[in-house]
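Model, not experiment: these values are computed from the prediction. Chain letters run A, B, ... following the sequence lines, proteins first, then strands; residues in each count from 1.
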Amino acid sequence: KAGVTQTPRYLIKTRGQQVTLSCSPISGHRSVSWYQQTPGQGLQFLFEYFSETQRNKGNFPGRFSGRQFSNSRSEMNVSTLELGDSALYLCASSLFSGAGEQFFGPGTRLTVL
Amino acid sequence: AQSVTQLDSQVPVFEEAPVELRCNYSSSVSVYLFWYVQYPNQGLQLLLKYLSGSTLVKGINGFEAEFNKSQTSFHLRKPSVHISDTAEYFCAVTPLADTGGGNKLTFGTGTQLKVEL
């Protein structure tokens with residue numbers, strides 16, 4: 001069974017631009033969660049989508065948004081990029097919301113210049 | 001709300017020596033507990049998990065952890081480490097399914113394990 005895939009793996013943007021990251025969960029998994037990893041703040045939960053609905057949201061500004069499609073694939077969008085948005089963005093999939101166990105993708109490394 | 005504390009930011013150890021990485025948590029509801037490992041420039045790989053049942057759980061690569069509810073701890077151990085175990089290790093918790101908390105992992109700040117010859 002294929003693991004969680006994320007595209008692109010690396011991305012360079014400039015301040016003020018917007019970016020869209022994509023995540024394909026493990027086949028059969030219906031919950032997708034997103035996390036931001038930075039050296040200063042560590043690993044922080046962004047949001048969770050289950051059955052195309054946002055199930056949980058972390059403490060991030062409204063510039064961070066996401067969605068989930070009927071095939072469980074998910075995208076996250078960051079608008080008006082700031083230097084502090086430079087991070088590794090990790091996607092994790094799970095069978096359902098509350099399943100506990102989550103499987104992570106390799107991440108997308110975003111650099112904002 | 002949940003919080004996770006990993007007391008040691010770095011742990012140096014010689015190859016073939018035993019190691020213990022400490023993790024304590026705080027939560028107002030019951031939680032599942034996990035240890036993840038991250039190698040440079042990679043995502044997180046699940047080492048082991050405690051969902052229910054026996055408090056001693058065994059994971060991949062010879063790691064094990066013991067859940068202690070009274071001390072709210074979930075320390076990770078390996079009896080004999082290898083150079084390839086050099087990586088960052090994260091302890092994490094998420095609310096039980098019946099709490100309605102969904103799949104929100106709260107992570108500790110990580111412990112860098114450095115195995116030396």
Side-chain angles (χ1 to χ4, degrees), chain A residues 3-7 9-10 21 23 25-26 29-51 53-60 66 68 72 74 87-109 111, chain B residues 1-10 23 25 27 29-53 57 59-60 65 67 74 87-112:
Chain A
V4 178
T5 58
Q6 292 187 244
T7 56
R9 291 292 313 277
Y10 301 91
L21 312 181
C23 172
I26 292 170
H29 285 195
R30 294 168 55 203
S31 169
V32 173
S33 299
W34 289 89
Y35 296 84
Q36 181 196 64
Q37 185 178 25
T38 60
Q41 299 299 316
L43 282 153
Q44 294 186 285
F45 171 79
L46 278 157
F47 29 64
E48 177 198 4
Y49 284 87
F50 176 67
S51 294
T53 302
Q54 190 177 84
R55 180 74 174 77
N56 272 303
K57 190 177 191 311
N59 189 25
F60 279 82
Q68 186 180 36
S72 295
S74 177
L88 180 66
Y89 290 89
L90 293 162
C91 163
S93 81
S94 184
L95 277 170
F96 55 87
S97 187
E101 190 170 2
Q102 296 181 48
F103 297 88
F104 282 80
T108 294
R109 172 75 64 184
T111 301
Chain B
Q2 293 79 45
S3 68
V4 177
T5 302
Q6 291 182 245
L7 295 166
D8 305 302
S9 59
Q10 293 186 39
C23 172
Y25 72 94
S27 177
V29 299
S30 295
V31 294
Y32 299 125
L33 300 108
F34 306 89
W35 276 97
Y36 284 90
V37 61
Q38 187 176 37
Y39 299 99
N41 300 313
Q42 293 188 27
L44 300 174
Q45 181 183 8
L46 182 65
L47 266 181
L48 47 78
K49 62 194 178 197
Y50 175 77
L51 303 183
S52 65
V57 293
I60 62 171
F67 171 51
F74 191 53
E88 189 148 25
Y89 293 78
F90 293 93
C91 180
V93 302
T94 192
L96 259 59
D98 58 8
T99 64
N103 283 340
K104 177 183 176 181
L105 280 168
T106 299
F107 287 91
T109 51
T111 298
Q112 179 65 44

To the nearest 0.5 Å, what is the distance between OG (Ser31(A)) and CG (Asn103(B))?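 Answer for the OG-CG pair, Ser31(A) versus Asn103(B), is 4.0 Å.
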With rounding to the nearest 0.5 Å, note down the distance linking OG1 in Thr106(B) to CD in Gln44(A).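 Output value for this atom pair is 10.5 Å.
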Contact origin within [X] toward chain A - heavy atom pairs under 4.5 Å:
| X | value |
| --- | --- |
| Thr94(B) | side chain |
| Gln38(B) | side chain |
| Lys104(B) | both |
| Leu46(B) | side chain |

Residue [X] versus chain B: region with a heavy atom under 4.5 Å:
| X | result |
| --- | --- |
| Leu43(A) | both |
| Leu88(A) | side chain |
| Gln6(A) | neither |
| Tyr35(A) | side chain |

In terms of heavy-atom pairs under 4.5 Å with chain B, which of Gly42(A), Gly107(A), Pro106(A) leads?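 Result: the option with the highest number of such pairs is Pro106(A).
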Greatest number of heavy atom pairs closer than 4.5 Å to chain B - which of Glu101(A), Arg55(A), Arg109(A):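 With the most close heavy-atom pairs to chain B, the winner is Glu101(A).
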Closest contact, heavy atoms only, Phe45(A) versus Leu105(B):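 For Phe45(A) versus Leu105(B), the nearest heavy atoms are CB-O, 4.1 Å.
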More than 12 heavy atoms from other groups under 6.0 Å of CD on Gln54(A):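 Above 12, so yes.
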Verify side-chain contact (heavy atoms from CB on, under 4.5 Å) between Tyr36(B) and Gln102(A), making sure each step is shown before the conclusion. CA-CA 10 Å; Tyr36(B) 284 90; Gln102(A) 296 181 48; 4.0 Å; yes
